[in-house]
Amino acid sequence: MKLKTTVSALCAAVLAVTCCASSAYAAKVGVSMPTQSLQRWNQDGQNMKAMLEQSGHTVDLQYAGDNDIPTQVNQIENMIASGCDILVVASIDGSALTEVLKGAKEKNIPVVSYDRLIMNSDAVSYYATFDNTRVGNLQGQYIADQLDLENAKETKYIEIFTGPTDDNNVNFFFGGAMEVLKPYIDSGKLVVKSGQTTREQCATLNWNLEEAQKRMENLISSISYGPEDVQLDAVLTQNDALACGVVNALLATGYDASNMPVITGQDCDKPAVKNIVRGYQDMSVFKDTRMLAQQVVAMVDSIDKGEKVEVNDTTTYNNGTGVIPSYLCEPIAATKDNYQALLIDSGYYKADEI
Ligand code: BGC
């Protein structure tokens with residue numbers, strides 16, 4: 001029932017944007033995205049462009065190669081020089097834009113931080129994202145529930161894969177998951193055999209699938225994880241790219257759908273959803289990029305009109321220069337049981353894409 005309501009609310013929100021957009025706005029908006037190599041950022045970029053144009057704005061959409069920081073800096077520099085009125089930026093390295101954004105501040109160009117918080121810059125006016133702590137909570141809670149950590153008598157074994165240390169979201173995903181799992185790790189009920197538990201030790205450069213696969217292969221050979229060998233009950237992976245890398249390594253070691261450890265993810269990328277259907281990955285976190293784009297377009301519209309910008313969090317996200325007023329969208333856990341309603345019935349994917 002709750003899921004139905006959420007899905008209908010999603011559809012209604014998306015419809016409202018698609019059907020009722022006016023052409024009353026006329027800002028030139030620079031949209032800087034980190035990469036096209038991950039499905040979600042392509043969707044984010046396309047959604048933003050389409051919705052902003054529908055609102056009457058003109059859009060300069062740029063992808064920074066494959067997570068190339070100097071390219072992103074150059075592209076933002078050009079957006080500022082070419083007369084963009086508002087910038088929307090999903091940063092690669094949250095701390096690498098301090099210098100270039102001084103130019104935006106000098107020209108009074110408002111900057112909206114998209115999905116990831118831009119750190120150490122007082123040019124950032126607003127932040128729109130998903131509730132990143134909640135994303136981690138959902139992943140941690142899923143593992144706790146599936147392993148029945150509350151009641152289990154025997155020890156359970158887990159490994160942890162996080163995103164890169166330069167993505168501020170990682171801290172929140174990690175914090176959220178650890179709110180749930182750390183008590184069990186501290187009590188010895190949940191054991192990380194590799195001993196790799198810090199964000200640095202668990203980090204994956206650029207959220208790269210192959211990097212995650214390599215690290216999982218290394219853990220398999222150093223610890224002898226295997227269906228007939230050393231027990232591995234769960235892998236906390238922070239997004240779907242990492243989950244796919246981990247699944248590849250585990251499949252190659254002889255695991256299959258019947259004995260795969262519990263594996264989490266995030267984004268509901270198509271390959272991951274296929275893996276969920278096949279029983280290789282257990283859950284992902286659905287972050288409806290249409291909702292985020294809708295929220296950012298509303299922010300841009302309000303900024304353009306000089307109206308009050310809608311935010312729902314004014315305490316959580318401090319970027320080193322102060323708390324950035326934020327709008328947090330709600331993430332939803334996606335599993336084999338609800339993906340049909342969440343992803344297909346809501347129109348996010350066509351059935352034949354999965
Ligand atoms: C985003 C995730 C995404 C990851 C890799 C994070 O900052 O919040 O949705 O999976 O970056 O691109």
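We count ligands from 1, going down the list as the structure has it; atoms in each ligand are counted the same way.
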Colleague: Could you tell me whether Lys305 and Asp301 have a side-chain N and a carboxylate O separated by less than 4.0 Å?
Modeller: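 No salt bridge links Lys305 with Asp301.
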Colleague: Please classify the Gln266 to ligand 1 contact at 4.0 Å (heavy-atom distances, strictly less than): side chain, backbone, both or neither.
Modeller: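 Just the side chain.
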Colleague: Among all protein heavy atoms, pick out the one at the shortest distance from atom 11 (O) of ligand 1; state its residue, atom name and that distance to 0.1 Å.
Modeller: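 Here the closest protein heavy atom is Arg116 NH2, 2.8 Å.
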Colleague: Please find out if less than 6.0 Å separates the ring center of Tyr280 from that of Tyr255.
Modeller: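 For Tyr280 and Tyr255, the ring centres are not under 6.0 Å apart.
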Colleague: Can you report which non-hydrogen protein atom sits closest to atom 6 (C) of ligand 1, along with the distance?
Modeller: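 Result for atom 6 (C) of ligand 1: Asp167 OD2, 3.3 Å.
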Colleague: Could a heavy atom of Phe173 be found less than 4.0 Å from some atom of ligand 1?
Modeller: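 True for this residue.
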Colleague: Tell me, which protein residue and heavy-atom name are nearest atom 1 (C) of ligand 1, and how many Å apart are they?
Modeller: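 Closest protein heavy atom to atom 1 (C) of ligand 1: Asp115 OD2, 3.3 Å.
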Colleague: For atom 4 (C) of ligand 1, find the nearest protein heavy atom and state the residue, atom name and distance (0.1 Å precision).
Modeller: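 Nearest neighbour among protein heavy atoms for atom 4 (C) of ligand 1, to 0.1 Å: Trp207 CE2, 3.4 Å.
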Colleague: Nearest 0.5 angstrom please: Phe161 CZ to Thr264 OG1, how far?
Modeller: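 Rounded to the nearest 0.5 Å, the CZ-OG1 separation comes out at 11.0 Å.
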Colleague: Does the ring centre of Phe286 sit less than 6.0 Å away from the ring centre of Tyr348?
Modeller: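 Between Tyr348 and Phe286, the centre distance is under 6.0 Å.
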Colleague: Mark up the atoms of ligand 1 that fall under 4.0 Å of a heavy atom belonging to Asn239, in ascending order.
Modeller: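 Going through ligand 1 atom by atom, the ones under 4.0 Å from Asn239 are 3 (C), 4 (C), 5 (C), 10 (O).
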Colleague: Which residue in the set Thr162, Thr165, Asn171 passes side chain to side chain donor-acceptor pair (under 3.5 Å) when paired with Arg199?
Modeller: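 Exactly one candidate clears the test, Asn171.
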Colleague: Need the ligand 1 atom indices (1-based, order shown) with element for anything under 4.0 Å from a heavy-atom of Lys287.
Modeller: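 Selected atoms, number and element: 1 (C), 2 (C), 8 (O), 9 (O).
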Colleague: For a quick check under 3.5 Å, do Tyr225 and Glu159 share a side-chain donor-acceptor pair by atom type?
Modeller: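 Yes, side-chain donor-acceptor contact under 3.5 Å.
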Colleague: Just list the side-chain donor-acceptor pairs under 3.5 Å for residues 136-144, sequence neighbours left out, or say none.
Modeller:
unit_1 : atom_1 : unit_2 : atom_2 : d
Asn137 : ND2    : Gly176 : O      : 2.8
Asn137 : ND2    : Glu179 : OE1    : 3.0
Gln139 : NE2    : Gln238 : O      : 3.1
Gln139 : NE2    : Gly265 : O      : 3.0
Gln141 : NE2    : Asp145 : OD1    : 2.9

Colleague: Any atoms of ligand 1 less than 4.0 Å from a non-hydrogen atom of Arg40? List them with their elements.
Modeller: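 Those qualifying, in numeric order: 1 (C), 2 (C), 3 (C), 8 (O), 9 (O).
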Colleague: Using a strict 4.0 Å threshold on nitrogen-to-oxygen distance, state whether Lys214 and Glu217 make a salt bridge.
Modeller: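 Here Lys214 does not pair with Glu217 in a salt bridge, since their nearest N and O are not under 4.0 Å apart.
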Colleague: Quick check on contacts: which atoms of ligand 1 are under 4.0 angstrom from a heavy atom of Trp41?
Modeller: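 Heavy-atom distances to Trp41 below 4.0 Å select 11 (O), 12 (O).
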Colleague: Quick one: look up the protein heavy atom nearest atom 10 (O) of ligand 1 and list residue, atom name and how far away it is.
Modeller: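 Looking at atom 10 (O) of ligand 1, the protein heavy atom closest to it is Asp267 OD2, 2.5 Å.
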Colleague: Please list, in number order, the atoms of ligand 1 under 4.0 Å from a heavy atom of Leu38.
Modeller: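 Reading through ligand 1 atom by atom, the close ones are 5 (C), 12 (O).
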